[in-house]
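Only one structure is covered here, and it is reproduced in the block below.
Each chain gets a letter, A, B and so on, in the order its sequence line appears, and its residues count up from 1.
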Amino acid sequence: MRWSQALIPTHKEDPADAETVSHRLMLRAGLIRKLTSGVYNYLPLGWRAIRKVEQIVREEMDRAGCQEILMPIASPAELWMETGRWDVYGKELWRVQDRNGRQFVLGPTHEEVVTDIVRNEVRSYRELPFTLYQIQTKFRDEVRPRFGVVRAREFIMKDAYSFHRDEASLDETYRALCDAYTRIFDRLDLNFRAVEAATGAIGGSASHEFMVLSDTGESEVIVCECGYAATSERAEGKIAPPPTGEEERPLERVDTPGMKTIEEVSAFLGVEPWRLVKTIIYEADGRPVATLIRGDREVNEAKLGLALAADIVQPATSETIEKVTGAPVGFAGPVGLEGIEIIADHTVEPLTSVVVGGNENDVHLTNVRPGRDFRVTAFHDIALIAKGDSCAKCGKELDSFRGIEVSQAFKLGTKYSTSMKATFLDEDGEAKPFIMGCYGLGVSRTVAAIIEQHNDKDGIAWPLAAAPLAVEVLAVNVKSDETRRVAEEIYESLRAAGVEVLYDDRDDRPGAKFKDADLVGLPLRVTVGDRGLERGVVEVRVRRTGEQTDVPTDGAAGEIQRILGTLT
RNA sequence: CGGGGCGUGGCGCAGCCCGGUUAGCGCGCCUGCUUUGGGAGCAGGAAGUCGGAGGUUCAAAUCCUCUCGCCCCGACCA
C-alpha cells in the first residue's frame, strides 16, 4: 500500500467531539469517520484492523468446532413477537417497515433467527450438539451512542449459538467457547478478565463477560483476591452495618426547601448519608413499586428485577412518582405511603433512626423508626455491591476496576426454544426443547479496546496481531534518488514475501511523516534516508518499545522479517 | 428519556450579549520559489447558503419562534 495513493486521512489536531483515547486516535489516524451519531465509516486502515480481529475470531471459533454461517440483517417482526422480545427489547430494537407496511427488525442479535433455522432443520438428538456462528453488522438503537465505535448503533459482532440435548453438553461447549475467547484475547495481546455477569434482556441462567481493563470502560467489575470477579450488577457481597441502637425519639417533620438529593439533605441536616433512607419509585413491568435503601447505597436494578420476578425494571417517570407519593420528585418516603408494594433492602433492616422524604414538597421526616413509623412489604437484597464491601465467598474486602465488555457468553437454557417451539426427538422418543447457549463478541469494539490499551502520547502502538499492516517503510526524502530506490526495493521485497507493508512515499517533510507513522502506529517502521544510506543501512524501529536497530541495506527485507518474527 | 452544551470553509476556533461595510484567525488544501531526519519559510490562491425554516428590522451569523443535527452527564449493552 502506497501512502501517496491511499486514503489515510490523518489529523494533527484532536477532534472536538471525541473524549476517549481510542475514539480520538481512531479519528486522528484515519481509521474511522462518523457518518451520523453512533454510525461509522471504516476507512482502509480501520477496516484492515477489523478484518485482522475477525480472522483471529474465525480461526478460534473454527478450532472450537463451530460452523460459520450468515443470517440476514433484517428479520420479520413476527419472529420477535414469538419470543416476546418485540415488546421486551424496547426502543433499542431498530424497527423498519417494508413498502407494504410490514414490520421488520434490524438484528441486534440473532437468537430468534437461528432458532427458527434449527427448528426447521434439526429433528433428532443424533444431530446434537452443534454451534453456529456469524460475523455480521448488528443494529441497536442505543439511547446514547458514545466513545466512537465502543457504543455504536451499528457495529460488527461475532455471535454464536449452540444447541444441545442436555445441560452437560451445554456446559462443555460453554467452557470450550470461554476457552476460545481466552485464546482470542490473548492473541490480541489484551489485558482482560473473565467475570461473572448478570443475565439481561437476552435471558438465561449463567453468564460470563470478558472485560478488557480500561479506566474509560463503562462497566464496573468487582473483584476479590480470592479470585472472585463479577460485574457490579451481578456481584454478591456483604455490606457493613452501621452503628445502631439510638435512643427512640418522636418522629419530626422538618422543612428542607429544595433539598432533593441525599447529598443536599444530609449536608443540610448535618447527618451522615447512611442515616437517610432513599425511597426510589420503580416501574416493574408497568406497575409502580417503592424501594428503600440506605442513603449511601445504590439500588441494583438487576437484583430488584429478580426479587420482583419482573422482566423490565425502570425508574418511574416523574408523573408516576408524583401520583404515587403526592409530592414532586425528591421527597418520596415510606411513611404513610399507601397502595404500593414497598421493597426494602437488607441495609435498611438494622436502622433504628433515619431521615426519609415526607411525601410533601420541601419536607423530610427525621427520627423515623422503621417498624414503628412505616412498614415494608418485604426485605430483599437489592443493593449494588461496591468496592470496600466484603466478599460473599471469603469475607475479604472487595476491590473494583473498570472495563470494556468485549464479549459475553450466556447459558440460555430453553428460553428461546420453548417460546418458539423448537424441539428435537430425544432417545426416548419424546420431543424436547433444545438447550441453548449464546456467545457474543464485539469485533469493532474489540478494535477500540486494543487501541485503548495500546497507545502512547504519539499515537496508536498496535500489537502485531491486530495491526492494519505489519510494517511501514518511510522514505525520508523521496526527492533523493538513492532513498527512493532503496525504499522501493525493500517495499517490493517485503510484499513479495507476503508482508503487509505501508510505504510512505509521499513528498512531504520528514517531520510530518514521522509524526504520521507514530500516529498510525504500525509495529515496525523502516526509515530509509541519506543519513543511514551513507553507512549502508536503514533503521528499523519497534513502535511499542522504541527499540531501534540499523539493518544493512543488502538483504534488509530478510532481516526485517526476522525482527517481525520476534514481535507480538 | 431527563439534565447541560454546541452547530460559522476539510479540522480546531473567534465574532453573537450590545444587529450596521468585502465574516475573521490557526491548521490543512492548491501554485511557485527556497527547504528536507521529528508536524518548514516566503509569496500568491481556492474554499463558508454562518445547521434549516419562519419572523422582527431600512439592515440579521448576531434578536424572537419553531425545527433538525451533534456532543457531554445519568438510566441500557457486544
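For the pair A:Arg234 CZ and B:rC77 C1', the interatomic distance rounds to 17 Å; values are reported in whole Å. A straight line from CD of A:Glu19 to C1' of B:rC70 spans 13 Å, rounded to a whole angstrom. As rounded to whole Å, 14 Å separates atom P of B:rA78 from atom CZ of A:Phe210. Put simply, CD on A:Glu233 is 11 Å from P on B:rA78, counting in whole angstrom units. Rounded to whole Å, the distance from CG on A:Leu441 to C1' on B:rC77 is 14 Å. Atoms CD (A:Gln314) and P (B:rC77) sit 11 Å apart, rounded to a whole Å.
Picking from B:rG39, B:rG38, B:rC77 the nucleotide with the shortest atom distance to the side chain of A:Arg140 gives B:rC77. Of the candidates B:rG69, B:rA78, B:rC72, B:rG69 carries the atom nearest the A:Thr36 side chain, counting heavy atoms from C-beta on. Of the candidate nucleotides B:rG39, B:rU35, B:rC72, B:rU35 has the atom lying nearest to any side-chain atom of A:Lys479. Considering only the side chain of A:Glu142, B:rA78 comes nearest among B:rG12, B:rC11, B:rA78. Of the listed nucleotides (B:rG37, B:rG39, B:rC76), B:rG37 has the atom at the smallest distance from the side chain of A:Glu539. Here the nucleotide nearest the side chain of A:Met157, chosen from B:rA78, B:rC71, B:rA75, is B:rA78. Considering only the side chain of A:Arg445, B:rA78 comes nearest among B:rA78, B:rG37, B:rG39.
Applying the Watson-Crick and G-U wobble criteria (two distances, each under 3.5 Å), B:rC27 pairs with B:rG10. Across all strands shown, B:rG48 remains unpaired; no Watson-Crick or G-U wobble contact has both distances below 3.5 Å.
The base of B:rG28 has none of its N or O atoms less than 3.5 Å from a complementary donor or acceptor on the side chain of A:Glu13. Side-chain N/O atoms of A:Arg151 and base N/O atoms of B:rC76 include a donor-acceptor pair closer than 3.5 Å. Residue-to-nucleotide contacts include no donor-acceptor pair under 3.5 Å from the side chain of A:Arg541 to the base of B:rG37.
Side-chain contact, A:Ser75 with A:Glu112: no donor N or O sits under 3.5 Å from an acceptor N or O. A donor atom on one side chain and an acceptor atom on the other are not found under 3.5 Å apart for A:Tyr89 and A:Arg95. Side-chain atoms of A:Asp345 and A:Thr291 form no donor-acceptor pair, as typed in the model, at a separation below 3.5 Å. A donor atom on one side chain and an acceptor atom on the other are not found under 3.5 Å apart for A:Thr137 and A:Glu154.
Both A:Asp530 and A:Glu218 lie close to RNA chain B; mapped to their nearest nucleotides by heavy-atom distance, the more 5′-ward contact belongs to A:Asp530.
Using a 4.0 Å cut-off between charged nitrogen and carboxylate oxygen, A:Arg543 and A:Asp456 count as a salt-bridge pair. A salt bridge is absent between A:Arg24 and A:Glu19: the closest approach of a Lys/Arg side-chain nitrogen to an acidic carboxylate oxygen does not fall below 4.0 angstrom.
Rounded to whole Å, the P atom of B:rG3 lies 15 Å from the corresponding atom of B:rC66. B:rC64 and B:rC17 are spaced 9 Å apart, taking the P atom of each and rounding to whole Å.
Side-chain nitrogen and oxygen atoms of A:Arg146 include at least one within less than 4.0 Å of the OP1 or OP2 phosphate oxygen of B:rG74. Contact between the side-chain N/O atoms of A:Gln408 and the OP1/OP2 oxygens of B:rA78 is found at a separation under 4.0 Å. For A:Ser37, no side-chain nitrogen or oxygen approaches OP1 or OP2 of B:rG69 to under 4.0 Å. Residue A:Arg509 places at least one side-chain N or O closer than 4.0 Å to OP1 or OP2 of B:rA40. Listed pair A:Thr527 / B:rG37 fails the phosphate criterion, with no side-chain N or O lying under 4.0 Å from OP1 or OP2.
In this structure, A:Phe155 packs face-to-face on the six-membered ring of B:rA78, meeting both the 5.5 Å centre cutoff and the 30° plane limit.
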